[in-house]
Every structure is written in structure tokens, then in C-alpha cells.
Amino acid sequence: MSISTLQELLADFADRRDWEPYHTPKNLAMALTGEAGELAAEFQWLTEEESRRVMDDPAKAEAVRLEMADVLSYLLRLADVLGVDLEQALRDKVAINERRFPAPERGTEAS
């Protein structure tokens with residue numbers, strides 16, 4: 001599914017429930033922050049190694065997967081409401097970061 005298709009799916013879901021009045025940029029940004037916190041909570045107190053193996057535990061994997069879906073859904077809704085082309089925004093951000101953090105030449109070590 002494309003980003004725009006996912007946004008249409010979420011917009012339709014919200015529309016059928018009359019949630020548009022609540023899907024303001026402020027509310028969506030706050031919900032996104034809350035869901036990102038819930039995702040972070042799935043990793044709280046895990047060691048680095050435990051966090052790398054989190055998907056090995058089916059229950060934990062499902063919780064992480066669903067929290068990631070919540071984060072994505074609110075980000076997609078926020079972008080849709082604000083008219084932000086996320087694909088272009090990501091391309092632009094990567095280009096900015098390429099200039100800010102140039103990759104070392106192959107075969108050379110970063111110091």
C-alpha cells in the first residue's frame with residue numbers, strides 16, 4: 001500500500017466515525033507523541049541485547065507491532081490534515097542530512 005492509500009484508509013475510518021472535528025493538528029500531534037511514548041515503554045528497562053531480541057517473544061512482538069502501527073497512523077493522519085507530502089518531506093530531509101553528515105569514502109574509517 002502506498003502512503004496516500006493508507007491516508008485514504010485512515011481518513012475514511014475517521015470520517016465514518018465523525019472524528020474529523022477532533023483530528024486537529026494539535027490533537028493529532030499530541031496523540032502521536034502519546035503513542036510514541038507507548039512504543040518507547042515497550043523497550044523501557046530492557047538491556048541493549050534484550051531490545052534487539054524483542055521480536056522473539058510473540059506477545060512482546062505483537063505489542064511493539066501494534067504500537068508502531070499507532071505511531072504510523074497518527075503521523076499519516078497529521079500529514080494528511082496538514083497537506084504534507086511525507087514522501088517528499090523524507091526525500092528533502094535525507095538530502096539535508098547528506099549535506100550535514102557526509103558519508104566517509106569507502107575504505108576509509110571515520111575518526
Item checked: Interatomic distance, Asn27 atom CG to Met30 atom CE [nearest 0.5 angstrom] -> 7.0 Å
Next item on the list: Working to the nearest 0.5 Å, report the span between CD of Glu8 and CG of Asp15.
Entry: 12.5 Å
Margin query: Could you walk me through whether Leu78 and Val84 satisfy the side-chain contact (heavy atoms from CB on, under 4.5 Å) test, starting with their C-alpha distance in whole Å, then the side-chain angles of each, then the deciding distance to 0.1 Å, before giving a yes or no?
Written below: CA-CA 8 Å; Leu78 180 60; Val84 172; over 6 Å; no
Check: Nearest 0.5 Å, what's the NE2-CG distance between His23 and Asp18?
Finding: 11.0 Å
Checklist line | Check: Arg100 main-chain N/O paired with Asn97 side-chain donor or acceptor under 3.5 Å | finding: no
Notebook entry, point to check: What closest approach, in Å, do Pro25 and Leu82 show between heavy atoms, and which atom pair accounts for it?
Noted result: CG-CD2, 3.5 Å
Notebook entry, point to check: Val81 and Thr24: side-chain contact (heavy atoms from CB on, under 4.5 Å), yes or no, with the steps?
Noted result: CA-CA 7 Å; Val81 166; Thr24 64; over 6 Å; no
Checklist line | Partners passing salt bridge (charged side-chain N to carboxylate O under 4.0 Å, His left out) against Arg16 (at least two apart in sequence or in another chain) | finding: Asp12
Next item on the list: State which residues pass side chain to side chain contact (heavy atoms under 4.5 Å, CB included) with Asp56; sequence neighbours excluded, sorted by chain then number.
Entry: Arg53
Notebook entry, point to check: Tell me, which pairs form a salt bridge (Lys or Arg N to Asp or Glu O under 4.0 Å) where one or both residues lie in residues 72-83, sequence neighbours left out?
Noted result: Arg77-Asp80
Item checked: Leu76 with Tyr22, same ILVMFWY side-chain cluster at under 4.5 Å -> no
Next item on the list: Show the numbers, then the answer: is there a side-chain contact (heavy atoms from CB on, under 4.5 Å) between Val64 and Phe43?
Entry: CA-CA 9 Å; Val64 168; Phe43 293 90; 4.1 Å; yes
Checklist line | Test side-chain contact (heavy atoms from CB on, under 4.5 Å) applied to Glu62 and Leu66, step by step | finding: CA-CA 6 Å; Glu62 181 69 358; Leu66 293 176; 3.7 Å; yes
Checklist line | Approximate separation, where rounding is to 0.5 Å, of Leu10 CG and Tyr74 OH | finding: 10.0 Å
Next item on the list: Could you work out the complete set of other residues in the hydrophobic cluster of Leu9, with links drawn between I, L, V, M, F, W and Y side chains under 4.5 Å apart?
Entry: none
Checklist line | Rounded distance (nearest 0.5 Å) linking atom CG of Leu28 with atom OG1 of Thr33 | finding: 10.5 Å
Note to self: According to salt bridge (Lys or Arg N to Asp or Glu O under 4.0 Å), does anything in residues 35-46 pair up with another residue at least two apart or in another chain? List the pairs.
What the structure shows: Glu42-Lys60
Notebook entry, point to check: Got a sec, which residues hit salt bridge (charged side-chain N to carboxylate O under 4.0 Å, His left out) with Glu20, two or more places apart in sequence or on another chain?
Noted result: none
Notebook entry, point to check: Any donor-acceptor pair under 3.5 Å linking the side chain of Thr5 with the backbone of Met1?
Noted result: no
Notebook entry, point to check: Is a side-chain N or O of Gln44 found less than 3.5 angstrom from the main chain of Ala41, in a donor-acceptor match?
Noted result: no
Next item on the list: Kindly compute the distance separating CG (Asp70) from CG (Leu32), expressed to the nearest 0.5 Å.
Entry: 10.5 Å
